[in-house]
Amino acid sequence: MNEDFLYFDHTATKQIPKEILEFYIEQLKINNYNPAARYREGIRAAESIRIAQEKIAGLLHCRPSELILTSGATESINTAIKGLVFAPNPKQKRILTSAGEHAATAETLKYLRESFDYQIDICELNPDGSLNLEQYEQFLSRNQYDLISLIAVNNVLGTILPIETAVSIRNRLQAETPIHLDAVQALGKMPFDFRIARVELASFSLHKIGTPKGIGLLYKSEDTRIVPLLHGGGQQNNLRSGTENPALVCTAAFAVTRTLEQLTKNCAFVQELKAYLFRCLDQAAVNYQRISPAEPDKAVPHIIAIAFPELRAETLLNVLSKKGIGVSIGSACSSKKSERNSVLRQLHLPGNLDQYVLRISLAETNTKEEIDQLVKKIAFALAKYAVK
Ligand code: PLP
């Protein structure tokens, strides 16, 4: 990573920690055979994948056979949703989701609606960005669904879904309907355990916890039926064909282990950094408005949506970028789409305040000195360009 660059966009991708990078490079040197090959090196590569999957499953408290290796969460989510819908499961042609979903889910569901006539029911968010559980319950008591797909931690706001509550409402009203969880921003930012999150499908992207990009996981409980999206050599129990990268899979196991070992310590540190950020903004008399919920049990501390009502987020982002600081804006759905962000729209912010929302995302690698720099540069930008 560029040493002069102050990085506050870890939600988009985490920079690869030195020990993970070194581990991966070493693995690439010694563990780069085709795991389907029948000679000793290939058999060893396959064995290393088996051990890595076993390790990750142990840490997440599921069975190794319930984890499918993918290229990332977008693939996991597409496989979970389309795989379930295209499998010979009962068909209500109706899916329940929330207005807080990442494009990987929202666009997949839109495709099913437009191309396969699926009815997609969308639960609203509360003004703090959490799922409207009353409406969720109403939907489930009125209609029968093929699938429920929910985001565990919102990537714009950091809001946490009360997974156990969502699952118990489902259990009470239609126990047979599977739940898919987009758990991308949960892993490494809060405790996550399949013994507690009793869902049938869950998606993860491991670059969000510091592996190189190109690896994700799909959890599929043993009795959930899906069909593969990718057909070919029959890897991953015929559910995801394509040659696995044994070095990357072993690195993923290393990263998940490291992340979960350090979880409590790192979350406490990030919580402290977040509190420090707000103290510094107050001391600098910066005009801001909290958008992410302030209560620690409602949002992970790593994702902070914050509005600076005197300066459009896009302008602020550009000024900060010129000063060597990386943040992101909350108002775009993705870097290439300029329409208003559907998650922020749900919050009914006054006027066009959603255009002023910046996403600052923290990691344990950030320091208080970096926060000092960030606040200084924000104060500078506001002093210079603010429209009062
Ligand atoms: N879901 C959430 C909540 C995300 O934050 C992201 C990425 O930002 C994704 C899904 C998609 O992950 P990827 O782009 O790694 O496939």
Side-chain angles (χ1 to χ4, degrees), residues 7-16 68-83 97-111 122-123 125 129-131 148-161 163 166 179-190 192 197 199 201-219 229-230 240 242 245 248-249 251-252 255-256 259 292 299-305 326-337 341-344 346 357 359-363:
Y7 191 57
F8 296 100
D9 199 19
H10 304 272
T11 301
T13 195
K14 188 161 173 160
Q15 294 308 303
I16 306 173
I68 302 161
L69 297 164
T70 67
S71 63
T74 301
E75 186 191 327
S76 300
I77 292 169
N78 272 266
T79 307
I81 298 176
K82 293 178 193 159
T97 189
S98 86
E101 302 304 306
H102 184 273
T105 299
E107 291 294 315
T108 302
L109 294 177
K110 185 172 161 216
Y111 167 71
I122 303 177
C123 266
L125 304 184
S130 61
L131 182 71
I148 301 164
S149 193
L150 298 172
I151 190 164
V153 169
N154 186 278
N155 54 297
V156 179
L157 302 164
T159 12
I160 299 170
L161 172 79
I163 299 170
I179 296 184
H180 166 251
L181 209 59
D182 173 350
V184 170
Q185 299 296 349
L187 188 65
K189 297 189 177 76
M190 58 178 257
F192 190 88
V199 294
L201 295 151
S203 297
F204 303 90
S205 234
L206 297 176
H207 69 95
K208 308 283 185 186
I209 63 159
T211 71
K213 286 162 208 42
I215 184 160
L217 294 171
L218 171 60
Y219 163 83
L229 291 193
L230 303 184
R240 200 279 186 181
N245 177 349
L248 190 53
V249 179
T251 305
V256 175
T259 300
S292 298
V300 296
H302 310 69
I303 303 175
I304 303 165
V327 291
S328 76
I329 47 175
S331 63
C333 287
S334 79
S335 56
K336 299 203 176 58
K337 291 184 181 173
N341 180 286
S342 58
V343 174
L344 292 178
Q346 285 282 308
V357 177
R359 183 184 72 180
I360 298 172
S361 64
L362 305 174

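Values below: all heavy atoms of this structure, side chains included; hydrogens, waters and symmetry mates excluded. In this text, all values refer to a predicted model and were calculated from it rather than measured experimentally. Whatever order the structure lists them in is the order used to number ligands and atoms, beginning at 1.
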Note, Leu187 side chain near Lys208 side chain (heavy atom, < 4.5 Å): no
Tabulation required: pairs of a nitrogen or oxygen in ligand 1 and a protein nitrogen or oxygen under 3.5 Å; columns are atom names and distance to 0.1 Å; otherwise 'none'.
{"from": "ligand 1", "atom 1": "1 (N)", "to": "Asp182", "atom 2": "OD1", "distance (Å)": "3.2"}
{"from": "ligand 1", "atom 1": "1 (N)", "to": "Asp182", "atom 2": "OD2", "distance (Å)": "2.7"}
{"from": "ligand 1", "atom 1": "5 (O)", "to": "Gln185", "atom 2": "NE2", "distance (Å)": "2.8"}
{"from": "ligand 1", "atom 1": "8 (O)", "to": "Lys208", "atom 2": "NZ", "distance (Å)": "2.6"}
{"from": "ligand 1", "atom 1": "15 (O)", "to": "Ser205", "atom 2": "OG", "distance (Å)": "2.5"}
{"from": "ligand 1", "atom 1": "15 (O)", "to": "His207", "atom 2": "NE2", "distance (Å)": "2.8"}
{"from": "ligand 1", "atom 1": "16 (O)", "to": "Ala73", "atom 2": "N", "distance (Å)": "3.3"}
{"from": "ligand 1", "atom 1": "16 (O)", "to": "Thr74", "atom 2": "N", "distance (Å)": "2.8"}
{"from": "ligand 1", "atom 1": "16 (O)", "to": "Thr74", "atom 2": "OG1", "distance (Å)": "2.7"}

Distance in Å, Leu161 CG paired with Leu131 CG, rounded so as to fall on 0.5 Å steps: 6.0 Å
Contact summary for Asn154 and Leu157, nearest pair of heavy atoms: OD1-N, 2.9 Å
Value rounded to 0.5 Å, distance of CG in Leu206 from CG in Leu248: 8.0 Å
No-hydrogen, no-angle side-chain donor-acceptor test under 3.5 Å, His180 and Ser203: yes
Polar side chain donor-acceptor pair, Thr211 to Thr251, under 3.5 angstrom: no
